[in-house]
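Heads up, the thing below is written out as structure tokens.
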Amino acid sequence: GLMTAGCGEKKVASVNGEPISQKEFEKRMSTVRTYYESNMGMTFEGENGSAMLKNLQNMVLDQLVTEHLLQQEARKRDIKAAKEEVQQRIEQDKLMVGGEEAYQEILKNQVKMTEQEYQAEVEKQVIIEKLFEQVVAGQTVSPEEVEQYYEENKESFNQAEQIRARHILVETEEEAKELIKQLNAGADFGQIALEKSTDPSAKENQGDLGYFDRNAQFVPEFKEAVFQLKVGEMTAKPVKTQFGYHIIKVEDLKPARQLSLEEVKDSISGELRSGKEGAIFQEFLEGLRSQAKIEKEELPAPKAANPPQAIDSPAAPAQ
């Protein structure tokens, strides 16, 4: 199918005789541009906008060239993606974005693809991942390499003071004050969070925010209040933020310390292995490029800027 894609259509490039049609390019360009406009607020207006858009066009074309090269190599190796693998990946995507309805909304308004088109893209991703695994197979990291990395980068394993807290979020100050009375009288904080908190996550975690440090992405009012508390203490008064009124209780405190080699050896090993694999695959890709016949046509002039469309996303309470 890829070998015949774009036959009779205007092309923007070819990779070993395999065309990249203008339609394929414009479809990808539209998806990438919508992402930048909707999620990063870029409008591509004026002279600077046109220059950025031209750079984006070149980036997208290079991306497509790379994908075609890798797909060609995968076909040579008879690497395929089973329908079950593709569907499983799509189901994972649906879970990550919040379910079927959110998935359909993103397809329609952000990536601007039909389900069939997205399925084809996922299939390509799975195939390229399998190719990657074949190319980088067998990379190992020795204990000596891990220890050397740890000794040379000890400062990066300094863990800041971390606090563990729960919170209850309600809409009014009056309700928050009433709940503080109940808690001071012996009511269970987790149970109250489960029953009364408007934070959606409270249904699963009973208001438990886990461990976090002073760099956590909480609103300033919340962060200022929580780090004034000692272990076991609760805010005497409701804490007002843009999300409502919070009651906060500190559950535990981990003092600042340096993580030991034993604690971080697995993450270091994974990082070093990923680095090796990335370097090997990049060298492999450069080899494919050097041996390939890649021809690029003059890209179509960027079209006028579209007005940005904000994509709403739910904000987590206290963040």
Side-chain angles (χ1 to χ4, degrees), residues 35 38-41 90-111 159-257 259 267 308-319:
Y35 173 82
S38 300
N39 295 283
M40 303 182 69
I90 291 173
E91 294 302 321
Q92 290 173 350
D93 289 345
K94 289 179 182 180
L95 287 175
M96 288 179 63
V97 301
E100 181 69 32
E101 186 175 343
Y103 168 76
Q104 294 295 339
E105 177 70 16
I106 291 171
L107 279 187
K108 180 181 178 182
N109 294 320
Q110 292 192 41
V111 298
Q159 186 180 74
E161 178 185 68
Q162 290 188 318
I163 202 167
R164 181 181 180 183
R166 289 183 187 269
H167 83 133
I168 299 168
L169 176 64
V170 293
E171 293 182 358
T172 68
E173 186 176 15
E174 291 74 18
E175 184 180 4
K177 287 180 177 179
E178 176 57 33
L179 292 178
I180 288 175
K181 289 181 182 179
Q182 295 179 29
L183 291 164
N184 285 331
D188 182 76
F189 197 100
Q191 189 61 32
I192 293 291
L194 177 64
E195 295 174 356
K196 301 293 185 179
S197 183
T198 59
D199 181 348
S201 65
K203 303 302 179 187
E204 287 78 38
N205 60 25
Q206 296 184 326
D208 191 348
L209 299 170
Y211 287 95
F212 55 90
D213 60 28
R214 293 179 184 272
N215 293 320
Q217 297 299 308
F218 292 117
V219 290
E221 303 92 334
F222 186 94
K223 190 155 52 173
E224 181 181 354
V226 73
F227 278 98
Q228 288 180 356
L229 299 172
K230 296 179 181 178
V231 176
E233 285 186 342
M234 180 180 73
T235 46
K237 297 179 180 179
V239 178
K240 186 179 186 300
T241 73
Q242 66 198 71
F243 302 102
Y245 292 85
H246 305 261
I247 306 164
I248 309 168
K249 181 181 179 182
V250 170
E251 300 279 356
D252 192 19
L253 176 70
K254 290 182 178 180
R257 67 187 183 91
L259 298 174
S267 62
Q309 298 177 348
I311 301 298
D312 294 332
S313 60
Q319 293 189 357

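Quick note: residue numbers are just sequence positions, from 1. FYI, side chains are in, hydrogens and waters are out, and symmetry mates aren't considered; it's all heavy atoms of this structure. Note that the structure is predicted; figures quoted are calculated from it, not measured.
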>> Determine whether Phe227 and Ile163 satisfy the following criterion, side chain to side chain contact (heavy atoms under 4.5 Å, CB included), listing intermediate values before the conclusion.
In response: CA-CA 8 Å; Phe227 278 98; Ile163 202 167; 3.7 Å; yes
>> For the CE atom of Met96 and the CD1 atom of Ile106, what is their distance to the nearest 0.5 Å?
In response: 10.0 Å
>> Is it the case that over 12 heavy atoms from other parts of the model lie below 6.0 angstrom from the NZ atom of Lys94?
In response: yes
>> Atom NZ of residue position Lys203 - does it have more than 12 heavy atoms of other residues, nucleotides or ligands inside 6.0 Å?
In response: yes
Which donor-acceptor pairs under 3.5 Å do the side chains of residues 170-190 make with protein atoms, sequence neighbours left out?
from: Thr172; atom 1: OG1; to: Glu175; atom 2: N; distance (Å): 3.1
from: Asn184; atom 1: ND2; to: Ile180; atom 2: O; distance (Å): 3.3
from: Asp188; atom 1: OD2; to: Gly190; atom 2: N; distance (Å): 3.2
from: Asp188; atom 1: OD2; to: Gln191; atom 2: N; distance (Å): 2.8

>> As a quick check of understanding, evaluate side chain to side chain contact (heavy atoms under 4.5 Å, CB included) for Phe222 and Leu209, giving each step before the final call.
In response: CA-CA 12 Å; Phe222 186 94; Leu209 299 170; 3.5 Å; yes
>> I want to check something: taking the side chain as every heavy atom from C-beta on, are Ile248 and Met234 in contact at a cut-off of under 4.5 Å?
In response: no
>> Under a 3.5 Å cutoff, is there a donor and acceptor pairing between the side chains of His246 and Thr235?
In response: no
> Does anything in residues 209-226 pair up under salt bridge (charged side-chain N to carboxylate O under 4.0 Å, His left out), and if so which pairs, sequence neighbours excluded?
Replying inline: Glu161-Arg214
> From Phe243 CZ over to Leu169 CG, what is the distance, rounded to the nearest 0.5 angstrom?
Replying inline: 8.5 Å
>> Glu105: which residues meet the side chain to side chain donor-acceptor pair (under 3.5 Å) condition with it, sequence neighbours left out?
In response: Asn109
> Got a sec, which pairs hit salt bridge (charged side-chain N to carboxylate O under 4.0 Å, His left out) with one end in residues 232-255, sequence neighbours left out?
Replying inline: Arg166-Glu251
>> Set out, in order, the CA-CA distance, both residues' side-chain angles and the distance that settles side-chain hydrogen bond (donor to acceptor under 3.5 Å, both in side chains) for Ser201 and Asp199, then state yes or no.
In response: CA-CA 6 Å; Ser201 65; Asp199 181 348; 2.9 Å; yes
>> As a quick check of understanding, evaluate side chain to side chain contact (heavy atoms under 4.5 Å, CB included) for Val250 and Lys230, giving each step before the final call.
In response: CA-CA 7 Å; Val250 170; Lys230 296 179 181 178; over 6 Å; no
> Residues in side chain to side chain contact (heavy atoms under 4.5 Å, CB included) with Gln92, at least two apart?
Replying inline: Gln88, Arg89
